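What follows is a single structure, written as structure tokens, with notes after it.
Only heavy atoms go into these numbers, but all of them, side chains included; no hydrogens, no water, no symmetry mates. No experiment lies behind these values; they were computed from the predicted model shown.
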Amino acid sequence: MFFITALISLINAKEYAAYAIGMVILTLGEMLVNPAIPALVSETTPRNESGCYQSLVSMTGNFAKAIGPFLGGVLIENSSYNVLFLSAIMLLILSLGIFRVARKRLVAERI
């Protein structure tokens, strides 16, 4: 939710202070999410396959960091920053929905 809030605030940022506030919210989101991802992977995978899944998560994150700026630049060149932010918001909402469905299935399997 921090990421979505930050991107929404950045769409409307016309002054430096608004941009700074959006970046602070984004940074808070990263501080909360980044340590939680390896813990979640460790918690939800079999012990003997945990290393494999941890490496897949790490590779996925690194791939996104490698290809993201390129795709973002192409999107900005062909449209605008608002389209980039709206696309990111839609992807975040989609991933949040997928995460919630997967979490419900994991909880149901444990019961």
Side-chain angles (χ1 to χ4, degrees):
M1 297 305 280
F2 279 103
F3 293 119
I4 295 169
T5 304
L7 291 173
I8 289 171
S9 70
L10 288 173
I11 287 175
N12 300 317
K14 304 288 187 227
E15 300 174 3
Y16 179 75
Y19 173 76
I21 290 170
M23 292 311 294
V24 166
I25 295 170
L26 185 69
T27 302
L28 287 172
E30 287 180 351
M31 289 170 46
L32 293 172
V33 167
N34 287 342
I37 291 172
L40 179 66
V41 171
S42 178
E43 186 179 294
T44 57
T45 57
R47 293 272 182 232
N48 60 343
E49 296 179 6
S50 183
C52 179
Y53 285 100
Q54 291 288 359
S55 65
L56 285 172
V57 168
S58 179
M59 287 188 323
T60 303
N62 288 331
F63 179 73
K65 290 174 190 169
I67 198 78
F70 170 72
L71 292 177
V74 169
L75 194 57
I76 291 167
E77 283 291 320
N78 293 317
S79 55
S80 68
Y81 278 98
N82 287 347
V83 172
L84 174 69
F85 290 147
L86 289 172
S87 300
I89 289 168
M90 298 309 276
L91 285 172
L92 286 167
I93 290 170
L94 177 67
S95 63
L96 186 60
I98 291 169
F99 177 77
R100 287 191 178 181
V101 168
R103 184 118 173 119
K104 283 181 185 178
R105 287 185 182 170
L106 284 171
V107 169
E109 287 177 8
R110 288 188 180 176
I111 296 177

Query - Rounded distance [0.5 Å steps], CD1 in Ile93 versus CZ in Phe3 - result: 14.0 Å
**Report entry** From Leu56 atom CG to Thr60 atom OG1, the distance as rounded to the nearest 0.5 Å
**Finding:** 6.0 Å
Query - Nonpolar side-chain network containing Val101, other nodes, edges under 4.5 Å - result: none
Query raised in the report: Mind checking who shares a hydrophobic cluster with Leu94, ILVMFWY linked at side-chain heavy-atom distances under 4.5 Å?
Result: Ile98
Query raised in the report: Are side-chain heavy atoms of Leu40 and Phe99 found at a separation under 4.5 Å?
Result: yes
**Report entry** Close side-chain approach of Met1 to Leu96, heavy-atom, < 4.5 Å
**Finding:** yes
Query raised in the report: Can you name the closest pair of heavy atoms from Glu30 and Pro35 and give their distance?
Result: O-CD, 4.1 Å
Distance-only donor-acceptor pairs under 3.5 Å for side chains of residues 72-92, two or more places apart:
residue, atom, partner, partner atom, Å
Asn78, ND2, Val74, O, 3.1
Ser79, OG, Leu75, O, 2.5
Ser80, OG, Asn82, N, 3.4
Ser80, OG, Val83, N, 3.4
Ser87, OG, Val83, O, 2.8

Query raised in the report: Which residues pass the side-chain contact (heavy atoms from CB on, under 4.5 Å) test with Asn62, sequence neighbours left out?
Result: Ser58, Lys65
Report summary line: Those residues at least two apart in sequence (or on a different chain) that pass side-chain contact (heavy atoms from CB on, under 4.5 Å) with Ile67 are Phe63, Phe70, Leu71
**Report entry** Main-chain N/O of Pro38 paired to Ser42 side chain as donor or acceptor, under 3.5 Å
**Finding:** no
Requested in this report: Examine Val33 and Val57 and state if one hydrophobic cluster contains both, with Ile, Leu, Val, Met, Phe, Trp and Tyr joined whenever side-chain heavy atoms are less than 4.5 Å apart.
Outcome: yes
Which donor-acceptor pairs under 3.5 Å do the side chains of residues 7-29 make with protein atoms, sequence neighbours left out?
residue, atom, partner, partner atom, Å
Ser9, OG, Thr5, O, 3.4
Ser9, OG, Ala6, O, 2.7
Thr27, OG1, Met23, O, 2.8

